[in-house]
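Accompanying notes for the structure given below.
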Amino acid sequence: MCGIVAYLGKREAYPIIIKGLERLEYRGYDSTGVALLNGDLNVYKKKGKVSELRATLNEESLIGNIGIGHTRWATHGEPNDTNAHPHLSQSGNLAMIHNGIIENYDSIKTDLLKKGYEFTSETDSEIFINFIEDIHKNNDVDLCEAVRLALNKVVGAYAIAIISKDEPDLLIAARKGSPLVVGLGKDEFFLASDATPIIEYTNEVVYLEDQEIAIIKGNHLTIKSIEDVELTPYIQTVDMQLEAIEKGGYEHFMLKEIFEQPKSIGDCLRGRLKAKDGRLVLGGIHDYVNKILNADRILIIGCGTSWHAGLVAEYIFEEFCRIPVEVEYASEFRYRNPVVGEKDVVIAISQSGETADTLAAIDLAKSKGATILGICNVVGSSIPRATHAGSYTHAGPEIGVASTKAFTAQISVLIMMALMIAEKKGSISNSLYRQLLVDLESIPDKAAKALDLNPQIEYISELFKDSANFLYLGRGYNFPVALEGALKLKEISYIHAEGYPAAEMKHGPIALIDESMPVVFIATKDSSYEKIVSNIQEVKARKGRVIAIVSEGDTEVSKMAEFTIEVPATHEALMPLISVIPLQLLSYHIAVLRGCNVDQPRNLAKSVTVE
Ligand code: G6P
């Protein structure tokens with residue numbers, strides 16, 4: 001993970017870099033650092049968030065038209081001032097920021113130690129920059145060539161940016177496995193892990209590909225491969241508005257993103273779904289429909305919340321398409337020699353499009369001949385480029401570390417995909433297909449109604465904020481929602497929570513239930529409703545405190561539950577899009593009431609580009 005930003009041009013670099021780092025903090029916030037060139041090469045770095053570094057600096061005095069900045073999620077070496085980036089080479093002439101992991105750092109370090117190099121930090125990145133300096137010094141090659149030679153020797157992942165005291169108009173960057181975008185201004189250049197630090201200044205960008213080097217010298221950009229072949233930059237226009245990456249009056253990004261769901265689901269459906277005409281088009285996978293229709297099996301891979309969206313899809317695809325589905329954690333799949341064949345279709349789900357385990361699982365499945373489709377939110381990220389085809393979720397930038405609107409957008413795409421296939425296959429009746437399209441089209445309005453529950457949920461949060469544990473129980477389509485509700489609470493409020501299929505409760509978790517255990521049931525009206533009502537009774541009998549998400553107008557559960565939260569009714573297959581909303585709000589309010597940092601929970605990062 002880690003976020004990187006760099007600037008070279010005529011403006012002051014520091015304000016651009018520090019603002020960019022604030023936008024990239026979702027990628028890590030263990031430490032922050034900036035290096036500026038202004039005759040001297042000065043490095044300012046500190047353990048902690050961007051604001052903590054800023055508080056120690058006299059910002060007006062930081063001048064220089066070229067600089068690099070980094071916000072870190074620690075891998076090698078604990079988060080402290082020394083391990084913070086940028087790292088300087090031994091001579092003090094070169095400074096580097098690095099996002100990724102160098103796997104063969106130990107052997108490089110051994111060689112450098114023999115040559116008399118000393119290291120102050122515990123990071124692989126400090127070894128990396130000294131390795132470059134050593135090649136530069138001893139091989140009589142210029143810095144760009146030294147970087148290229150070094151990149152040919154390192155094993156691992158990197159997005160790097162390097163500046164040199166000797167060449168104040170030179171900025172070198174490269175990527176492999178970690179994202180990097182070059183922004184093209186008028187006589188100025190920006191570099192960042194994603195486009196958010198750049199769009200304020202320019203919407204013209206070049207997404208670097210793996211094993212490419214960007215050399216910015218003065219006002220000229222050259223892109224070459226690490227094999228030394230010069231490449232023509234592919235300039236793209238980023239379609240992202242500044243408002244999309246600002247809080248817009250909300251206290252936290254997470255709350256803004258929860259409240260954006262009527263719009264983000266609507267954006268996801270727009271242009272694809274026309275219920276009136278019975279029309280459903282997912283252009284991105286159009287050419288692969290036959291592959292899916294003839295698939296032996298659909299394998300869904302993802303991590304975290306994306307994996308939960310995959311679980312919802314398993315129920316939907318099997319119900320309507322009658323194609324066997326397996327849902328796998330990408331991190332397990334990639335290392336267990338799975339049986340995958342040419343008639344398998346793999347759907348990889350990822351908000352960021354950069355998750356290292358998901359990317360590796362894609363490579364593995366591809367090498368075994370499977371067809372790979374991606375469902376991603378970040379346009380131009382690595383997963384859409386690694387897959388054969390796919391559909392974007394169009395949820396807009398998600399900045400809060402806990403995923404919310406990305407989840408509902410992923411499910412929206414998966415439902416459209418499943419209905420499109422089911423209709424083509426004839427495994428769904430025309431009337432049900434038509435009805436589901438109408439129901440899907442009404443989801444944004446129903447999501448808006450679910451958000452009206454916010455004051456009630458805030459009230460309930462106040463009563464339960466000091467609980468030490470929570471159980472979340474659901475059945476059928478609402479079982480993955482229970483998992484997602486528990487994950488949200490764990491992530492941001494640090495309360496232990498478990499999601500379980502409600503009927504499995506009696507095989508273990510029931511032992512935990514007493515008068516202090518809040519149990520959140522997702523008990524909307526569906527085919528397992530009567531069964532879950534019995535499960536609620538079992539919890540009540542053991543004095544558990546029941547909070548139930550129910551369908552509007554429900555009278556049965558309200559007799560048993562301490563609190564009922566009534567959400568608008570919809571077809572059970574679409575219910576996760578609605579029933580998850582109160583759970584997102586519950587975790588949000590509990591975390592705020594406990595004084596937790598909602599948008600930047602401890603130890604987590606939004607984009608996990610290391611395994
Ligand atoms: C991290 C994030 C989660 C996310 C997971 C998968 O753990 O904190 O919110 O669900 O990664 O990320 P992806 O970008 O692949 O969906």
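Each ligand, and each atom within it, is numbered from 1 in the order the structure gives. Here, residue 1 is the first one in the sequence, and each next residue gets the next number.
Among protein heavy atoms, atom 11 (O) of ligand 1 sits closest to K606 O, 3.8 Å. Counting protein heavy atoms only, atom 5 (C) of ligand 1 is closest to C303 O, 3.9 Å. Of the protein's non-hydrogen atoms, the one nearest atom 7 (O) of ligand 1 is V608 CG2, 3.9 Å. Protein heavy atom in closest approach to atom 8 (O) of ligand 1: A605 O, 3.1 Å.
Polar contact check, S350 against ligand 1: a nitrogen or oxygen pair lies under 3.5 Å apart.
Near T305, meaning under 4.0 Å from one of its heavy atoms, ligand 1 places the atoms 10 (O). Near S403, meaning under 4.0 Å from any of its heavy atoms, are these atoms of ligand 1: 9 (O). In the vicinity of T355, heavy-atom distances shorter than 4.0 Å reach the ligand 1 atoms 12 (O), 13 (P), 14 (O), 15 (O).
The heavy atom nearest to atom 3 (C) of ligand 1, considering only E491, Q410, E398, is found in E491. Comparing I349, L359, V401 against atom 9 (O) of ligand 1, the shortest heavy-atom distance belongs to V401.
A donor-acceptor distance shorter than 3.5 angstrom exists from the side chain of H571 to the backbone of A573, with no hydrogens or angles considered. With K49 contributing its side chain and T32 its backbone, the two residues share no donor-acceptor pair below 3.5 Å. Between the side chain of K366 and the backbone N or O of A386, at least one donor-acceptor pair lies under 3.5 Å.
For K490, the NZ atom is densely surrounded, since the number of other residues' heavy atoms within 6.0 Å is greater than 12.
Relative orientation of the H70 and H85 rings is parallel, given thresholds of 30° and 60° on the angle between their planes. Taking the six-membered ring where the residue is Trp, Y315 and Y477 present tilted rings, their angle falling between 30° and 60°.
Residue I300 forms a side chain to side chain contact (heavy atoms under 4.5 Å, CB included) with just one option from L311, I349, V312, and that option is I349.
Interatomic distance, CG of L440 versus CZ of R272, reported as 11.5 Å (0.5 Å rounding).
Using a 4.0 Å cutoff on heavy atoms, T358 does not count as a contact of ligand 1. No heavy atom of A402 sits closer than 4.0 Å to any atom of ligand 1.
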